Structures are given as C-alpha cells and as structure tokens.
Amino acid sequence: MTNPLVRLRDAFNAARSYPYIERAKQLAIETPAEIFVGAAALSLGAMAISYNHEHEKRCQIPLAFSEIENTEFQLERLRNIKVPALTRFYSVTNDVVMKVFEANNLSCQKWINSGSDYYFAHELQFKTDPGFRV
C-alpha cells in the first residue's frame with residue numbers, strides 16, 4: 001500500500017498538468033457551443049448595463065407636491081370659500097407620499113451607500129419631524 005500523501009501529490013500533479021485552457025478554447029471556438037457561449041456573454045453584458053441603468057433611475061422618483069397652504073390661501077383668504085374636505089384629504093395624502101419619495105431621492109443622492117435603510121430613515125425623519133421645520 002502506498003502512502004496517501006504520495007497518492008494525493010500524484011493526483012494534484014496530474015490535474016495541474018491537464019490542459020484546461022486549451023480545452024476551454026477548443027470548446028468555445030471549435031464546437032457548436034460557441035453560439036451559446038457568445039449568447040451568454042452578450043446577455044451578461046446587457047444585464048450589467050440594464051442593472052446599472054435601473055439603479056440610477058431608482059433615485060429619480062418624480063415629485064409633485066399639492067401645496068395645501070397655497071390651496072388654503074387661494075380659497076379661504078382670497079375667495080372666502082372653505083376648502084372642501086375631500087380636497088384637503090387628497091392634498092394631505094399626496095404630501096405625505098411625496099415626502100416619502102423625496103426622502104428616498106435625497107437618501108440616494110446625498111449618501112454614498114444608497115442601499116442602506118438607515119439613510120432613508122434619517123431623511124424621512126428630517127422631512128416629517130416638526131422639530132426640524134423652520
């Protein structure tokens with residue numbers, strides 16, 4: 001019986017001397033698998049470009065605040081009309097959603113680590129906390 005270390009060394013030397021690179025080139029270039037290899041390479045490139053594009057778009061949610069203060073000013077002070085309850089509800093609901101979207105946009109643009117929830121929570125707290133308002 002031979003020494004197990006000698007057998008392991010012989011197996012390692014045999015695997016190291018096998019022409020892996022030449023076999024891979026032969027498989028990729030000289031066989032019909034080259035179509036699949038090319039398609040895989042193109043799809044990986046397209047996937048990387050698409051991922052980067054979508055990641056950049058993530059921080060660009062469009063904002064449209066309803067400006068309830070302006071609505072109140074226009075209706076109550078200038079025209080002496082009470083703001084309808086449904087208009088007030090929709091304005092406040094829209095403003096809340098827009099503050100969340102604005103916090104998302106700012107957390108992506110301001111901080112380097114755009115994937116962290118901590119930065120989003122920090123921006124959202126800053127936007128919603130009445131203590132930070134001037």
Side-chain angles (χ1 to χ4, degrees):
M1 219 183 215
T2 62
N3 188 354
L5 292 176
V6 173
R7 287 189 305 185
L8 182 64
R9 184 193 65 204
D10 292 342
F12 176 73
N13 287 335
R16 191 172 63 171
S17 65
Y18 190 77
Y20 291 109
I21 296 175
E22 288 81 16
R23 291 287 191 190
K25 284 181 186 176
Q26 181 184 13
L27 176 68
I29 296 172
E30 298 174 2
T31 62
E34 65 188 12
I35 296 170
F36 298 111
V37 171
L42 286 175
S43 64
L44 284 175
M47 183 181 67
I49 292 170
S50 175
Y51 175 79
N52 288 335
H53 177 69
E54 292 298 322
H55 184 68
E56 289 296 322
K57 280 182 17 180
R58 179 179 169 257
C59 299
Q60 299 173 357
I61 298 174
L63 303 175
F65 287 96
S66 60
E67 300 176 3
I68 186 64
E69 292 86 11
N70 189 23
T71 305
E72 289 173 348
F73 176 76
Q74 292 288 330
L75 290 177
E76 291 179 354
R77 293 186 185 157
L78 295 180
R79 298 182 191 171
N80 292 327
I81 301 173
K82 187 175 180 182
V83 177
L86 198 56
T87 301
R88 185 179 301 278
F89 171 75
Y90 285 146
S91 297
V92 171
T93 304
N94 182 44
D95 283 347
V96 168
V97 172
M98 288 301 124
K99 284 187 182 197
V100 172
F101 290 166
E102 185 180 21
N104 177 60
N105 289 349
L106 290 174
S107 68
C108 286
Q109 294 169 359
K110 195 184 238 184
W111 305 95
I112 300 298
N113 298 330
S114 60
S116 178
D117 296 334
Y118 170 76
Y119 300 116
F120 171 70
H122 177 350
E123 289 294 332
L124 188 60
Q125 179 186 9
F126 185 73
K127 290 288 171 198
T128 57
D129 192 1
F132 290 117
R133 293 189 185 161
V134 177

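Here the structure is a predicted model, which is why all the values come from computation and not from measurement. Numbering of residues begins at 1 and proceeds along the displayed sequence.
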So do Glu76 and Ile81 actually touch side chain to side chain, heavy atoms under 4.5 Å?
-> no
Give the minimum heavy-atom separation between Asn94 and Ala64, together with the two atoms involved.
-> ND2-O, 2.9 Å
One should read off an interatomic distance between Tyr119 OH and Ser107 OG, to the nearest 0.5 angstrom, of 10.5 Å
Residue from Leu106, Asn105, Asn104 passing side chain to side chain contact (heavy atoms under 4.5 Å, CB included) with Glu102 = Leu106
For the atom pair CD1 (Ile68) and CD (Glu72), what is the distance rounded to the nearest 0.5 Å?
-> 5.0 Å
Which value, rounded to the nearest 0.5 Å, describes the distance between Glu54 atom CD and Ile49 atom CD1?
-> 13.0 Å
Lys99 NZ to Leu63 CG distance, which is reported to the nearest 0.5 Å | 12.0 Å
Are Phe101 and Val96 connected in the hydrophobic side-chain network, where two residues link if heavy atoms are under 4.5 Å apart?
-> no
For Thr87, does its backbone N or O pair with a side-chain atom of Ser91 as donor and acceptor, under 3.5 Å?
-> yes
Quick one: pull up OG1 in Thr128 and CD in Glu123 and give me the separation to the nearest 0.5 Å.
-> 11.0 Å
Checking Asn52 side chain against Met47 main chain: does a donor-acceptor pair fall under 3.5 Å?
-> no
Leu5 CG to Arg7 CZ distance, which is reported to the nearest 0.5 Å | 10.0 Å
